[in-house]
Amino acid sequence: MPTITLPDGSHKSFPAPVSARDVASSIGPKLAAAALGCKVDGELSDISRVLDRDCKLEIVTYKQRDGQISKDALYLVRHSAAHIMAEAIQRIVPEAQLVYGPPLEDKFYYDIKFPDNRPLRDGDFSAIEAEMKKIIAEDRAFCRYEMSIAEGMAKLKREGSKYKIDNGERAIAASGNDAKLSFYATGTPGQNWEDLCRGPHVPSTARVGAIKLLTLASSYWHGDENSDRLTRVYGTAFSTQAELDEYMKQREEAAKRDHKVIGKNLRLYHIDEDVGQGLILWTPRGSVVRKELQNFIGEELKKQGYTEVFTPHIGRLELYKTSGHFPYYKDSQFPPIVERQALEELSKAGCTCSEMMHRVEGVSARLAAGINERTKAQTIAPDRVMADDKLVDGFMLKPMNCPHHAKIFGSSPHSYRDMPVRLAEFGTVYRWEQSGELNGLTRVRGFTQDDAHLFCTEDQIPGEIQGCLSLVKHIFSVLGMKDYRVRVGLRDPDSSKFTGSPESWDKAEAACIAAAQSLGVSFSKEPGEAAFYGPKIDFVVKDVIGREWQLGTVQVDYQMANRFDLSYIGPDNAAHRPVVIHRAPFGSMERFCGVLIEHFAGAFPLWLSPEQVRVLPISEKSSEYAHRVLSQLKAAGLRASIDDSNDRIQGKVKVAADEKIPYMAIVGPRDAESNAVSVRVRGTEKDLGSMPLDRFVEALKSEYASRNAVLGVKP
RNA sequence: GCCUCCGUAGCUCAGUGGUAGAGCAGUGCUUUUGUAAAGCACUGGUCGCAGGUUCAAGUCCUGUCGGAGGCUCCA
């Protein structure tokens with residue numbers, strides 16, 4: 001006798017269990033026909049789901065009442081499209097074994113194991129798409145049936161795919177021993193194609209209207225690189241071809257906004273294979289953007305009481321053994337630099353490469369003993385300790401700035417009265433990223449962090465974290481960036497693998513959460529995502545094609561001061577350990593500029609623009625006056641240039657517009673007579689009319705100084 | 001590092017085994033112009049690199065370097 005509560009709050013009672021489809025029919029036949037699935041107490045299900053108890057029911061249709069396409073409907077469509085693709089692929093390559101095929105935010109994929117002698121090529125796409133269209137045209141129902149664990153596992157074992165057996169076992173592990181295994185046949189079970197699947201799906205294949213395969217990638221079974229390598233086939237699906245076409249168009253538009261495209265068109269930076277992958281050469285134009293940004297951040301840091309330091313790009317291996325970065329993170333560092341003389345001696349002594357690496361990685365007994373004592377643990381295991389005469393020293397390109405900053409802090413005594421000590425540096429670091437991961441400005445091998453280390457007392461932690469976050473908030477708001485989110489990494493509650501006392505952690509975590517809340521953007525708590533040495537806050541933004549990039553981070557560190565034996569003298573006249581906060585709220589200048597290029601689509605506000613004004617003489621007759629205008633703009637500290645080519649004015653305007661110059665100062669005989677310029681603002685169709693030159697210069701100067709986000713010169 | 005795709009003039013791209021092309025950019029000339037490209041001419045290439053197949057390779061094969069999208073990783 002189930003009573004169904006509908007989204008409008010009304011109730012419907014039925015004498016016996018009914019399917020969601022029956023409920024939809026009882027509301028209206030059109031609704032039943034439009035239904036793709038349903039939500040039962042918030043859980044997405046098939047429309048054929050039988051309701052045998054009281055519940056809340058929502059019928060999922062493609063278009064919602066507000067006219068938007070339902071995300072749930074797209075989930076059903078794409079999940080079903082993944083099945084249709086898998087069936088099509090198995091028609092073409094019968095030996096292909098299915099692994100796992102979920103829907104994603106705007107697409108879907110299926111991981112498939114292809115026989116080695118028959119890899120999938122993207123040349124197979126048209127054949128697969130043709131098969132998929134046939135399956136869609138056949139309009140077969142997605143038919144769910146369930147089996148007990150014993151029956152279901154027996155069936156999977158008979159069929160013999162280790163991947164599906166594994167999926168079955170995982171499903172059982174996830175939902176307990178009274179679980180059932182569900183299968184979906186596209187058509188009649190036993191006769192048509194089927195797959196072990198949790199569901200849900202659309203009612204029939206025809207409800208997946210338009211499909212397109214996108215790309216191929218390799219993936220690993222269970223994401224483990226030592227496990228089987230699978231082929232991941234990406235595709236997307238919509239209800240109609242028009243929507244699919246619109247999606248593909250949007251992707252193309254987004255691609256034009258890509259910072260790699262804009263960076264090349266506007267000549268902002270260059271990557272040269274002779275210099276190396278992932279190493280950015282900033283051109284004069286791009287350097288302006290970076291420098292302006294750096295100046296802005298630097299000014300704010302000064303206001304917040306930071307002091308600037310400079311440190312070199314390399315440091316001795318011993319330094320990184322003390323900090324713990326080497327050799328623990330050696331796979332993501334450039335290899336050590338060993339002195340030539342030492343290398344020659346080792347070579348003469350017949351030392352092998354692997355032996356040398358071993359000796360480079362060793363730790364002296366003195367250093368090991370010190371660190372172990374201060375951290376009150378076996379931080380340096382005995383097997384890493386090596387006799388001094390065996391050790392090979394060298395230098396490393398710095399992967400982080402903190403060891404250098406720790407040494408600066410440690411180089412002079414500190415009183416509690418001086419705390420906190422805030423050492424800031426736009427410090428360039430080098431990391432060995434895997435080649436497949438490099439990406440324009442957003443993933444590089446050498447980058448400059450807006451780094452600082454705050455050496456503070458435990459009581460000062462909340463205030464310092466708050467200070468970091470208000471800086472981020474201010475800078476993002478000046479840049480007009482609203483679309484970012486914050487992750488707060490907390491310690492794993494089930495683990496004791498962290499340093500520092502639980503009480504300290506509780507306080508620091510509470511401070512991080514409170515600070516994150518104050519930002520007014522969405523944030524998530526992520527237990528287990530903290531570093532072992534302290535909780536952290538990460539800022540994440542999306543790029544034009546929806547990939548998320550981590551920008552900055554604020555991390556509390558209870559460990560570093562121990563390792564470097566740092567201290568300050570407290571009011572009790574005794575030495576105390578400071579707590580260190582690592583913070584680089586914008587991550588790296590490279591990545592942040594990349595994100596900014598996409599944010600502004602290359603149309604920077606005046607203060608960030610590589611070129612702020614271009615003077616365009618109508619003809620050579622006005623050339624002399626135009627050069628006087630140029631000199632005055634330059635004298636006012638503005639980045640200005642002149643286009644005195646013999647193009648017509650139409651051409652000069654077109655070129656300046658393409659280069660996204662904020663202002664054009666067009667000058668002809670009329671302007672020269674009255675000491676004026678005709679100002680055209682980027683993004684507008686015509687000029688503002690003639691304006692006295694002095695007023696124009698003053699207006700630009702003030703707009704520049706105020707870092708206005710919008711171009712604001714008025715006629 | 002792994003998988004697929006891509007690499008032709010400074011840039012964007014055409015060229016499916018038979019004499020390397022176009023547009024833009026650059027240079028020169030003409031035009032002296034009032035708001036999204038005036039006209040003509042010239043210049044520019046070991047077709048990423050190295051092997052191989054072939055009478056003949058930009059084109060087919062192998063390797064390699066670089067790029068894109070994913071996977072994995074990210075102190």
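Lettering of chains follows the sequences in order, A, B, ..., and the numbering in each one begins at 1.
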Please list, one pair per line, the donor and acceptor atoms closer than 3.5 Å that link side chains of residues 660-672 of chain A to other protein atoms, with sequence neighbours excluded.
{"unit_1": "A:Lys660", "atom_1": "NZ", "unit_2": "A:Ala601", "atom_2": "O", "d": "3.4"}
{"unit_1": "A:Tyr663", "atom_1": "OH", "unit_2": "A:Glu703", "atom_2": "OE1", "d": "2.8"}
{"unit_1": "A:Tyr663", "atom_1": "OH", "unit_2": "A:Glu703", "atom_2": "OE2", "d": "3.3"}
{"unit_1": "A:Tyr663", "atom_1": "OH", "unit_2": "A:Gly712", "atom_2": "N", "d": "3.1"}
{"unit_1": "A:Tyr663", "atom_1": "OH", "unit_2": "A:Val713", "atom_2": "N", "d": "3.2"}
{"unit_1": "A:Asp671", "atom_1": "OD1", "unit_2": "A:Ser678", "atom_2": "OG", "d": "2.9"}
{"unit_1": "A:Asp671", "atom_1": "OD1", "unit_2": "A:Ser690", "atom_2": "OG", "d": "3.2"}
{"unit_1": "A:Asp671", "atom_1": "OD2", "unit_2": "A:Gly668", "atom_2": "N", "d": "2.9"}

B:G1 -> Watson-Crick or G-U wobble partner, both distances under 3.5 Å, gives B:C71
Nucleotide paired to B:A20 in any strand shown, Watson-Crick or G-U, under 3.5 Å
none
A:Arg267 side chain near B:G10 phosphate (N/O to OP1/OP2, under 4.0 Å)
no
Please list, chain by chain and in numerical order, all residues satisfying salt bridge (charged side-chain N to carboxylate O under 4.0 Å, His left out) with A:Arg118, sequence neighbours excluded.
A:Asp124
Residue pair A:Leu319, A:Phe564: steps toward the side-chain contact (heavy atoms from CB on, under 4.5 Å) verdict:
CA-CA 9 Å; A:Leu319 182 70; A:Phe564 281 97; 3.8 Å; yes
Residues two or more places apart in sequence or in another chain: which of them pass salt bridge (charged side-chain N to carboxylate O under 4.0 Å, His left out) with A:Lys107?
none
Report the nucleotide, chosen from B:A37, B:G69, B:U33, that has the shortest atom-to-atom distance to any side-chain atom of A:Lys654.
B:A37
Under 4.0 Å between any heavy atoms, over every strand shown, what does A:Arg445 touch: base, sugar-phosphate, or nothing? Just pick one.
nothing
B:U32 base to A:Asn646 side chain: any donor-acceptor pair below 3.5 Å?
no
For B:U54, what is the paired nucleotide under Watson-Crick or G-U wobble rules, both distances under 3.5 Å?
none
With sugar-phosphate meaning primed atoms plus P, OP1 and OP2, does A:Tyr109 contact a base, only sugar-phosphate, or nothing at under 4.0 Å between heavy atoms?
nothing
All heavy atoms of A:Met85 vs all of A:Ile128, minimum pair found to be CG-CG2, 4.3 Å
Of A:Ser619 and A:Tyr533, whose closest RNA chain B nucleotide lies nearer the 5' terminus?
A:Ser619
B:G69 OP1/OP2 closer than 4.0 Å to side-chain N/O of A:Asn439:
yes
Got a salt bridge between A:Lys321 and A:Glu318, using NZ or NE/NH1/NH2 to carboxylate O under 4.0 Å?
no
Identity of whatever pairs with B:G26 - Watson-Crick or G-U, under 3.5 angstrom:
B:C42
Base, sugar-phosphate, or nothing: which does A:Tyr234 touch, judged by heavy atoms less than 4.0 Å apart?
sugar-phosphate
For the side chain of A:Ser678, starting at C-beta, report the closest nucleotide among B:C73, B:G34, B:A36.
B:G34
Would you say the base of B:A36 and the side-chain of A:Arg680 have a donor-acceptor pair closer than 3.5 Å?
yes
What is the distance, rounded to the nearest whole Å, between atom CD of A:Gln650 and atom C1' of B:G39?
14 Å
Between P of B:C74 and CD of A:Glu433, the distance in whole Å:
10 Å
Which residues pass the salt bridge (charged side-chain N to carboxylate O under 4.0 Å, His left out) test with A:Lys162, not counting sequence neighbours?
A:Asp228
C1' atom, B:G44 versus B:G23: distance in rounded Å?
14 Å
side-chain hydrogen bond (donor to acceptor under 3.5 Å, both in side chains) partners of A:Asp557, counting only residues at least two apart
A:His582
Base, backbone or nothing for each nucleotide of nucleotides 1-9 of chain B, written B, S, -, heavy atoms under 4.0 angstrom, 5' to 3'?
BBBSS----
What does A:Glu685 touch in the nucleic acid at a heavy-atom separation under 4.0 angstrom: a base, only the sugar-phosphate, or nothing?
sugar-phosphate
Sequence neighbours left out, cut at 3.5 Å: what donor-acceptor pairs do the side chains of residues 425-434 of chain A make with other protein atoms?
{"unit_1": "A:Glu425", "atom_1": "OE1", "unit_2": "A:Thr311", "atom_2": "OG1", "d": "2.8"}
{"unit_1": "A:Glu425", "atom_1": "OE1", "unit_2": "A:His405", "atom_2": "NE2", "d": "2.7"}
{"unit_1": "A:Glu425", "atom_1": "OE2", "unit_2": "A:Thr311", "atom_2": "N", "d": "2.7"}
{"unit_1": "A:Glu425", "atom_1": "OE2", "unit_2": "A:Thr311", "atom_2": "OG1", "d": "3.0"}
{"unit_1": "A:Thr428", "atom_1": "OG1", "unit_2": "A:Thr448", "atom_2": "OG1", "d": "2.9"}
{"unit_1": "A:Tyr430", "atom_1": "OH", "unit_2": "A:His313", "atom_2": "ND1", "d": "3.0"}
{"unit_1": "A:Arg431", "atom_1": "NE", "unit_2": "A:Pro399", "atom_2": "O", "d": "3.0"}
{"unit_1": "A:Arg431", "atom_1": "NH2", "unit_2": "A:Pro399", "atom_2": "O", "d": "3.0"}
{"unit_1": "A:Glu433", "atom_1": "OE1", "unit_2": "A:Arg443", "atom_2": "NE", "d": "3.2"}
{"unit_1": "A:Glu433", "atom_1": "OE1", "unit_2": "A:Arg443", "atom_2": "NH2", "d": "2.6"}

Scan A:Ile666 against the nucleic acid and name what it touches under 4.0 Å (heavy atoms): base, sugar-phosphate only, or nothing.
base
What parts of residues 580-593 of chain A reach RNA chain B, counting only heavy atoms under 4.0 Å away?
none
Whole angstroms only, please: what is the CZ-P distance between A:Phe334 and B:C74?
18 Å
Test of understanding: with salt bridge (charged side-chain N to carboxylate O under 4.0 Å, His left out), list the residues that count as partners of A:Glu131, not counting sequence neighbours.
A:Arg91, A:Lys134
What's the gap between B:C71 and B:A14 when it is taken at their C1' atoms, as a whole Å value?
34 Å
Counting only non-hydrogen atoms, which of residues 256-264 of chain A are less than 4.0 Å from RNA chain B?
A:Lys260, A:Lys264
Hey, is the side chain of A:Ser332 pairing donor to acceptor with the base of B:A75 inside 3.5 Å?
yes
Nearest-angstrom distance, P atom, B:C47 to B:G7:
14 Å
Hits for side-chain hydrogen bond (donor to acceptor under 3.5 Å, both in side chains) against A:Arg628, two or more places apart or cross-chain, chain-then-number order -> none
Given B:G34, B:A36, B:G70, the nucleotide with the shortest approach to the side chain of A:Ile649:
B:G34
If you look at every strand shown and take non-hydrogen atoms under 4.0 Å, does A:Glu620 touch a base, only sugar-phosphate, or nothing?
base
Which residues satisfy the side-chain hydrogen bond (donor to acceptor under 3.5 Å, both in side chains) test with A:Arg121, sequence neighbours excluded?
none
I'd like to know if the side chain of A:Arg563 reaches the main chain of A:Thr322, judged simply by a donor and an acceptor atom lying under 3.5 Å from each other, with no hydrogens or angles considered.
yes
Report the distance from atom CG of A:Leu104 to atom P of B:G69, rounded to the nearest whole Å.
17 Å
What does B:G7 pair with, Watson-Crick or G-U, if both distances are under 3.5 Å?
B:C65
Answer with base, sugar-phosphate or nothing: what part of the nucleic acid does A:Val655 contact at a heavy-atom distance below 4.0 Å?
base
Which nucleotide wins on minimum distance to the side chain of A:Arg443, given the candidates B:A75, B:A37, B:C74?
B:C74
Across the strands shown, which category fits A:Gln333 at heavy-atom distances under 4.0 angstrom: base, sugar-phosphate, nothing?
base
Classify the nucleic acid contact of A:Gly440 as base, sugar-phosphate or nothing, counting any heavy atom under 4.0 Å across all strands shown.
sugar-phosphate
Classify the ring geometry of A:Tyr320 against A:His325: parallel below 30°, tilted from 30° to 60°, perpendicular beyond 60°.
tilted
Pairing partner (Watson-Crick or G-U wobble, both distances under 3.5 angstrom) of B:U59:
none
Describe the nucleic acid contact of A:Asp671 in one word from base, sugar-phosphate, nothing, applying a heavy-atom distance below 4.0 Å.
base
